[in-house]
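Notes to accompany the following structure.
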Amino acid sequence: MKAVVWHGTGDIRSEEVPDPKILEPSDAIVRITRSAICGTDLHLVRGTMPGMVEGTVLGHEAVGVVEEVGPAVRGFSRGDRVVVTSTIGCGTCSYCRAGYYAQCDTANPNGPSAGTSFFGGPQTTGPVDGLQAQYARVPFAMTTLVRIPDAVTDDQAILLSDIFPTAWFGARLAEVREGDSVLVLGAGAVGQFAIASAKRQGAGRVFVVDGIASRLDKAREQNAETVDFNREDPVALVKELTGGIGVDRVIEAVGVDAQRPETGPAAEQAGQQADQFERERQQAAPEANPSGEQWVPGDAPSQALRWAVQAVAKAGSIGIIGVYPPGFDSFPIGEAMNKNLTIRMGNCNHRRYLPELLDLVVSGVVDPTAFITRHEQPVDAVEAYRTFDRREEGWLKTVLDVA
């Protein structure tokens, strides 16, 4: 079968690999009909999430059709349309039973202390071959698969595999309540869904910060108040717009590949931190292998974290869903401590939120397809990666049409 395969930092290929097989009684084989490229996938290629194993199939977002189930799988049968949750949970350990599927004691073959297991990730997450392929083996299928209602299309469902639940989780982490003012850092696909999630969890006012015009245009379609960090100082402006106080909540949806402002009043301050940012980049991506402007790690790894702490009001709260690798230790802890901030973070427990988000789609409250800006065929997957990596205008969310 065809799949997108990781061969090294800056080296991914679309190639033929063996078809997956049932390995455990709780497995299922799913024929993939839609997959997608996520910012987390770019971390793996840029080297800001180290420890990848050569030959790993990439991708952690997919919908498809069940082709085969193991003898222990109940409730699913051949021909069922399903969405695959990005994180893998057994469904029976104490963590899964409490809704913390991302911290399952069983799913990660590296042991209970290894943490989250997800598709297409580094050695510490399994590794488990990913979903940018024609077929995929799905462990613990009774938990990892969710049936798609007939009223929901594949294009709608693919965005519930990861990014909508992750954004919803981010708003929950930030403790968004009725009437809150909320700042979303990053207007990529997850940031767009974070705007939608914050509004549906009660936010009275939502600001969003990014440096790409097309992303800010999309945010304005949701009536978010936008800030271009290449034209304005985001912290100063957010404080001005909130009477000098700052926002009640922040959802950080950027992560370690944050970029410094290139122009405007915020660029000077970022320039003063250039040496520190470069040390952070070397720490976060020691094996980075850029090729010209391709596969270049972000040049301000802690920028979004610093803006989050500075822009939130005293006694406010921050939810961090941007990805940071193990070992990354740059965080303005002193400033956060002295503002009495609540800070929560982590990998999304997708299975916990996916069913209720499917209900929002079925009822028409949310149409996820509004955030799909590109459809590509699998043969064009590597070129789609390259374009997405360069942060070109209009490349918000790319779906791979496998079938």
Side-chain angles (χ1 to χ4, degrees), residues 3-6 12 32 34-49 52 56-64 83-88 102 116-122 125-133 136 154-170 186-194 197 212 215 251-258 295 297-298 320-325 346-350 353-354 357 368-369 371-376 378 380-392 395-402:
V4 180
V5 182
W6 191 95
I12 58 172
I32 306 300
R34 295 285 190 281
S35 188
I37 302 174
C38 178
T40 301
D41 298 324
L42 294 179
H43 294 315
L44 305 174
V45 186
R46 291 172 182 158
T48 42
M49 186 180 289
M52 286 293 289
T56 300
V57 176
L58 290 173
H60 56 267
E61 299 172 274
V63 299
V83 58
V84 185
T85 63
S86 295
T87 47
I88 304 167
T116 307
S117 180
F118 68 92
F119 292 95
T125 68
V128 179
D129 274 330
L131 307 174
Q132 289 167 6
D154 282 2
D155 278 353
Q156 291 174 318
I158 183 59
L159 300 182
L160 277 74
S161 180
D162 177 23
I163 58 174
F164 193 3
T166 294
W168 192 266
F169 175 62
V190 174
Q192 299 292 337
F193 276 102
S197 298
I212 298 178
R215 294 181 178 182
I251 303 171
E252 198 278 85
V254 179
V256 70
D257 273 319
W295 317 127
I320 302 172
I321 49 176
V323 173
Y324 294 88
N347 297 317
C348 180
N349 306 299
H350 295 86
Y353 303 110
L354 206 154
L357 299 184
T369 60
F371 304 114
I372 296 176
T373 55
R374 287 290 187 278
H375 277 272
E376 300 291 333
D380 301 321
V382 174
E383 185 55 37
Y385 260 94
R386 292 179 181 277
T387 308
F388 186 35
D389 171 70
R390 294 192 296 267
R391 301 177 175 88
E392 292 189 9
W395 283 71
L396 180 64
K397 187 61 177 178
T398 301
V399 168
L400 301 178
D401 299 330
V402 183

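What you are looking at is a predicted structure, and each value in this text was computed from that prediction instead of being measured. Count residues from 1 along the sequence.
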State, yes or no, whether a side-chain contact exists between Thr166 and His350 at a heavy-atom distance under 4.5 Å.
yes
Where Ser197 and Phe164 come nearest, the two heavy atoms and their spacing:
OG-CE1, 3.6 Å
Does Ser161 use its side chain to pair, donor to acceptor, with the backbone of Val83 at less than 3.5 Å?
no
Counting distance only, does the side-chain N/O of Arg34 pair as donor-acceptor with the main-chain N or O of Ala157 below 3.5 Å?
no
Return the CG to CG distance between Leu357 and Leu159, rounded to the nearest 0.5 Å.
11.5 Å
Does any non-hydrogen side-chain atom of Cys348 lie less than 4.5 Å from one of Ile321?
no
Check whether any side-chain heavy atom of Trp295 sits under 4.5 Å from a side-chain heavy atom of Arg386, and report yes or no.
yes
Just say parallel, tilted or perpendicular for the rings of Tyr353 and Phe169, cut-offs at 30° and 60°.
tilted
Take Glu252 and Tyr324, measure what side-chain contact (heavy atoms from CB on, under 4.5 Å) needs, and give me the verdict at the end.
CA-CA 11 Å; Glu252 198 278 85; Tyr324 294 88; 2.7 Å; yes
First locate atom CD of Gln132, then atom SG of Cys38, and finally report the distance between them rounded to the nearest 0.5 Å.
9.5 Å
Using 0.5 Å steps for rounding, measure from the CG atom of Asp41 to the CH2 atom of Trp6.
13.5 Å
Are any side-chain N or O atoms of Gln192 and backbone N or O atoms of Arg215, one a donor and one an acceptor, separated by less than 3.5 Å?
yes
